[in-house]
Amino acid sequence: MSQYLSMVPSQQMRLEQRLTPQLIQSMEILQLPLMALEARIQEELAANPVLEELSPAASDADGESPTESTATTEESQAEADAFDRLDQMSRDLEFDAGDLAYGSGRSYDGERDAKMDAMANTASRGANLVDTLLSQWHLLETTPEVAAAGEAIIEWMDEDGYLRRECEVHPGAGDNGSAAELRPLAIKRNSQETDRLMEEMALSRTPPIDRGGLDAALELVQTLEPVGVGARDLAECLLIQLHARDDFDPFHEALVRDHLVELGRNQFPQVAKKTGRSIEDIKDALKIIGRLQHHPGLQVGQSDTPRISPDVMVEHAEGDGYTVRMTRGNVPRLRISNQYRRMLKDKQQDKAARDFLRGRIDAAGALIDAIHYRRERLLELARVVVDRQREFFDYGPQFLKVLRMSDIAEEFECDPSTISRTVDGKYIQSPRGIHPLRMFFTGGMTDDKGEAVSWDSIKAKMQTIIDGEDKQKPLSDDQIAARLSDGGTPVARRTVAKYRSQLNIPSARQRREF
């Protein structure tokens with residue numbers, strides 16, 4: 001069989017779809033949570049000179065609505081046509097918006113310092129545990145060897161204040177209940193592991209530290225604030241805090257030292273028998289022990305929990321119904337500067353300057369239109385959610401209905417991924433509280449009446465049943481499943497156990513009150 005190669009020019013027609021920078025930016029803006037959107041707008045205001053913030057008074061005087069595009073008619077129509085293609089493109093292309101960092105998309109090409117941008121948009125670092133402990137440690141008068149050992153222990157400490165790389169300390173002499181006897185209370189690890197970690201800690205400093213210096217330093221570190229740091233397990237952490245109290249009771253120490261596991265299992269009768277004290281005495285002691293910190297180190301520094309800012313507000317309407325509106329938050333009103341518009345139209349301006357202004361104005365117009373598109377899409381979706389989940393807003397979580405993103409996507413004639421990006425990180429505030437918008441999209445099952453019941457609705461019914469049970473005779477998982485079935489929602493026992501675990505509800509034995 002003969003084969004040959006030839007170079008013959010040919011023509012071929014091919015239809016391709018490409019995501020323009022404007023479409024990528026609109027997709028990114030669509031998925032931004034409110035606080036991230038506020039930060040993004042402030043970043044754009046600082047970087048694009050033609051974009052300016054419009055005060056409410058000036059907006060009313062100029063007859064402009066908030067965050068409306070002030071681009072030319074041709075620009076607005078072009079952007080509108082691009083948005084019409086957005087949903088179709090997101091369906092046809094394997095486009096993962098998660099690959100877009102919140103600050104990654106840019107519609108302008110001016111020179112910027114990415115490191116300076118990151119520093120300008122990063123919150124100042126609050127006090128951390130290591131710095132707080134070292135500032136106290138340096139005020140103590142110790143030998144150079146103990147001082148170096150204390151610094152090593154503090155630097156090895158976890159962020160919640162524990163020294164989980166165990167540093168075993170030998171017990172000292174003392175009366176019953178003395179601080180010296182607290183040292184060997186931690187659960188001992190394998191001796192080889194302890195020796196290895198001790199050696200690693202000792203060699204981490206220059207010059208190396210001996211074991212005696214570490215032992216002495218640990219006792220001092222455990223006197224620092226917040227009280228409880230430097231412990232090697234929960235029992236030792238609680239004991240340090242108990243000994244620091246003015247109302248120290250040796251009975252409380254005995255409970256933590258010898259019966260912490262049994263108390264965690266709610267085995268009050270066994271503990272009462274072993275200690276010779278009444279169950280009431282144990283319950284009174286637990287009121288004090290329960291107020292102690294389990295993670296003392298987390299009391300220092302800023303919390304990593306983000307602040308929630310709802311995008312949508314749902315309020316009771318006059319008569320029977322609800323009104324749905326967008327919350328503004330700290331999102332400013334934007335417009336393109338009229339001064340730069342006039343400069344662009346001035347034919348006497350340098351061509352390079354006009355090209356620069358044209359690029360900035362196009363970028364500003366695309367941003368304003370993308371923000372407006374986000375608001376309209378989110379408001380439209382929120383109205384549908386409130387309409388479909390009306391019983392939730394009327395009666396509570398037990399009446400949450402099955403609502404799938406695929407069904408809404410079919411109604412909106414878009415891809416489910418577009419709905420997912422729209423609800424991602426968004427919150428809705430209503431008379432029922434603040435809830436993630438994604439919560440209203442849930443699967444479920446069919447009850448005895450043939451009606452769809454969401455999984456979250458079943459969890460809410462479980463919570464109601466458990467809240468109303470006799471705490472001296474709590475219901476087992478089988479009994480909870482039977483009650484749900486009697487109410488028209490047949491659920492297997494293993495499903496009850498799974499949902500109870502997800503809701504952080506203890507087992508019947510642990511829920512029992514004596």
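Sequential numbering from 1 along the given sequence is applied to the chain's residues.
The CG atom of L51 sits 8.5 Å away from the CD1 atom of I41 when rounded to the nearest 0.5 Å. Interatomic distance, CG of L292 versus CZ of R245, reported as 6.5 Å (0.5 Å rounding). Rounding to the nearest 0.5 Å places CG of D424 at 10.0 Å from CZ of R421. Summarising the geometry, atom CG belonging to L37 is positioned 10.0 Å from atom CD belonging to E28; distances are rounded to the nearest 0.5 Å.
Between the side chain of N266 and the backbone N or O of R512 there is at least one donor-acceptor pair closer than 3.5 Å. Proximity of a side-chain donor or acceptor of R500 to a complementary backbone N or O of I505 within less than 3.5 Å is detected. Between the side chain of T275 and the backbone N or O of V271 there is at least one donor-acceptor pair closer than 3.5 Å. Side chain of E315 to main chain of Y322: no donor-acceptor pair is present (N/O by atom type, distance under 3.5 Å, no hydrogens or angles). A donor-acceptor pair under 3.5 Å is formed between the side chain of Q241 and the backbone N or O of C237. Of the possible polar contacts, none joining the T489 side chain to the S485 backbone as a donor-acceptor pair under 3.5 Å is found.
Environment of NZ in K471: crowded, with over 12 heavy atoms of neighbouring residues, nucleotides or ligands closer than 6.0 Å. Around CD of Q270, the count of heavy atoms belonging to other residues, nucleotides or ligands within 6.0 Å exceeds 12.
Residues I29 and L367 are in side-chain contact: their nearest non-hydrogen atoms beyond the backbone lie under 4.5 Å apart. Contact annotation: the side chain of F441 approaches that of V385 to within less than 4.5 Å [non-hydrogen atoms, C-beta and beyond]. Considering only heavy atoms from C-beta on, I240 comes within 4.5 Å of E236 through its side chain. Looking at heavy atoms from C-beta onward, L437 lies in side-chain contact with L378 at the 4.5 angstrom threshold. Looking at V314 and T323, their side chains never come closer than 4.5 Å, going by heavy atoms from C-beta outward. In this structure the side chain of D131 never reaches within 4.5 angstrom of the side chain of V300, judged on heavy atoms. In this structure, I419 and C414 have side chains that are in contact, with non-hydrogen atoms separated by less than 4.5 Å. Looking at L334 and L45, their side chains come closer than 4.5 Å, going by heavy atoms from C-beta outward.
Contacts of L260 classified as side chain to side chain contact (heavy atoms under 4.5 Å, CB included), with partners at least two apart in sequence or in another chain: L234, A235, L238. With sequence neighbours excluded, the residues that form a side chain to side chain contact (heavy atoms under 4.5 Å, CB included) with A285 are F251, H252, L255.
A salt bridge (charged side-chain N to carboxylate O under 4.0 Å, His left out) with D311 is found for one member of R374, K426, R377 and no other, namely R374. E469 pairs with exactly one of R483, R511, Q479 by the side chain to side chain donor-acceptor pair (under 3.5 Å) rule, that one being R511. Results of the side-chain contact (heavy atoms from CB on, under 4.5 Å) test with Y499 over M462, Q463, K461, R494 single out M462 as the only residue that passes.
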### Task
List the steps and the verdict of side chain to side chain contact (heavy atoms under 4.5 Å, CB included) for I428 and I434.
CA-CA 6 Å; I428 185 169; I434 299 178; over 6 Å; no
#### Entry: M326 and M313: CA distance, side-chain angles, deciding distance, side chain to side chain contact (heavy atoms under 4.5 Å, CB included) verdict
CA-CA 6 Å; M326 297 293 294; M313 182 75 69; over 6 Å; no
### side chain to side chain contact (heavy atoms under 4.5 Å, CB included) evaluation trace for H435 with F392
CA-CA 12 Å; H435 304 280; F392 168 86; 3.8 Å; yes
### Task
Check the pair D281, S278 against side chain to side chain donor-acceptor pair (under 3.5 Å), reporting the backbone distance first and the verdict last.
CA-CA 5 Å; D281 290 341; S278 66; 3.2 Å; yes
### Message
Could you go through S501 and K498, starting from their C-alpha distance and side-chain angles, then the distance that decides it, and tell me whether this counts as side chain to side chain contact (heavy atoms under 4.5 Å, CB included)?
### Response
CA-CA 5 Å; S501 176; K498 181 179 70 174; 5.8 Å; no
#### Entry: Steps toward side chain to side chain donor-acceptor pair (under 3.5 Å) verdict (S476, D478)
CA-CA 5 Å; S476 65; D478 286 320; 5.0 Å; no
#### Entry: Evaluation steps, salt bridge (Lys or Arg N to Asp or Glu O under 4.0 Å), between R390 and D394
CA-CA 6 Å; R390 171 67 183 273; D394 286 341; 3.0 Å; yes
### Query
When you look at F393 and F440, which way does the ring-ring contact (aromatic ring centres under 6.0 Å, His included) test go after all the steps?
CA-CA 11 Å; F393 296 100; F440 297 96; 5.5 Å; yes
### Task
Please assess Q429 against T327 for the test side chain to side chain donor-acceptor pair (under 3.5 Å), listing each intermediate value before the final yes or no.
CA-CA 9 Å; Q429 181 173 342; T327 58; over 6 Å; no
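The pair E52-R335 meets the salt-bridge criterion, since a charged nitrogen lies less than 4.0 angstrom from a carboxylate oxygen. A salt bridge is absent between R375 and E380: the closest approach of a Lys/Arg side-chain nitrogen to an acidic carboxylate oxygen does not fall below 4.0 angstrom.
Using modelled atom types and a 3.5 Å distance limit, the side chains of Q398 and T464 yield a donor-acceptor pair. In summary, the side chains of S420 and R438 do present a donor paired with an acceptor at a separation below 3.5 Å, with no hydrogens or angles considered. A donor-acceptor contact closer than 3.5 angstrom is absent between the side chains of Q389 and K401.
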